[in-house]
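Quick caveat: nothing in here was measured; it's all calculated off a predicted structure.
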Amino acid sequence: MQVRPGLARAALMLSTGMAISGTAGLFSIESGQPTLNVIFFRCVFGAIALIGWTCLREGWKSLFITDRALWLLILVSGLCLVLNWVALFQAFKLTSIGFATIIYHLQPFWIVLAGALLLKEGLSRHKLGWICVAFLGLVLTIMPKLGVMRADHDWLVGVGLALVASLFYAATTLTTRAVKSVKPSVLSAIHCLIGIVVFAPFVDLAALQGGGNGMWGWLVGLGVIHTGVVYILLYSSYPRLPITIIAAGSFLNPVAALLTDFFVFGRSISAMQGAGLILILLAGLAVNLGWPFGFGAARRVAPSQET
């Protein structure tokens, strides 16, 4: 097999980006700021990082989108992205980083279902089967927490927000499909600018007083590292990698989130929740790679793959 030039470097970039992205919840919580403050400053520092990178690589003129037909789609995708951040980061606070991340990884299945219902894309029985596996994983993940959710409604709200975040991210993915002519770094920078405009009226200035350098360190890190560096790493690696490596690399995000929960906050998941996580991630991998559902189907397609 011939190895693509730069494949190892691209795989390392992907792995690094995915692992770092799994620690975003830590930066959000450690900043000690309300969620809307966190998102606003993530957008501010993320925009600075992405605009700087884009100007160095492509020139400042690349930041201007001249095709007016794309403006509405860019606005909608940007709103969905920043609202996804709001819902997810609030879910981190109400539940835990690892628990919310597990639920958040239902996003590929919303994309498949929305593509079938809204875009008339085919929904095969194989995809439908894997979607059922993913939702079985969701049930296993939530079941051990039913008692907690009855006693603490914040957990129930957090679960709902994690689901909402996954829906918003799926909507972002679907809307950005139509703006492929815009470079990813430019699109991400514009999304951050949209977030600045949307959340500026909601910044809690009183909460910022007395935060100190530590608070600003976490907020700057969230914007520059998790929005600037991570997006650059991921978008630079995607075109150079096969879908198999990209799908496998996505496992590092929830793994990093769960390890953060365990080592920083002393939280762990039960065996049942672990099984649920495996089912969700396995089903997501299967959908991304087009695996057949069921052993019988796998045996039928094997001869054609060999030929």
[X] atom [atom1], over 12 foreign heavy atoms within 6.0 Å:
X	atom1	value
Phe202	CZ	no
Lys93	NZ	yes
Asp67	CG	yes

If you measure from [atom1] on [X] to [atom2] on [Y], what distance do you get to the nearest 0.5 Å?
X	Y	atom1	atom2	result
Leu88	Tyr169	CG	OH	11.0 Å
Leu83	Leu167	CG	CG	12.0 Å
Ile190	Lys183	CD1	NZ	13.0 Å
His226	Arg42	NE2	CZ	7.5 Å
Ile269	Asp261	CD1	CG	9.5 Å
Ile194	Cys43	CD1	SG	9.5 Å

Side chain [X], main chain [Y], donor-acceptor under 3.5 Å:
X	Y	answer
Trp71	Ile65	yes
Ser15	Leu12	no
Thr23	Leu26	no
Thr176	Thr173	yes

For [X] versus [Y], what's the shortest heavy-atom pair and its separation?
X	Y	value
Ala100	Ala91	CB-CB, 4.0 Å
Phe99	Thr141	CE1-O, 3.5 Å
Thr227	Cys192	CG2-SG, 3.7 Å
Ala24	Phe89	CB-CZ, 4.3 Å
Ile196	Ala47	CD1-CB, 4.2 Å
Ser236	Met13	CB-CE, 3.4 Å

Can you find a pair of side-chain heavy atoms, one from [X] and one from [Y], that are under 4.5 Å apart?
X	Y	value
Ser181	Leu70	yes
Ile102	Leu258	yes
Leu79	Phe168	no

Next item on the list: Would you check if the distance from the ring center of Trp216 to the ring center of Phe41 is below 6.0 Å?
Entry: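 Yes - the distance between ring centres of Trp216 and Phe41 falls below the 6.0 Å cut-off.
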Check: For the ring pair Trp110 and Phe135, is the centre-to-centre distance below 6.0 Å?
Finding: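 When the ring centroids of Trp110 and Phe135 are compared, they turn out to be within the sub-6.0 Å range.
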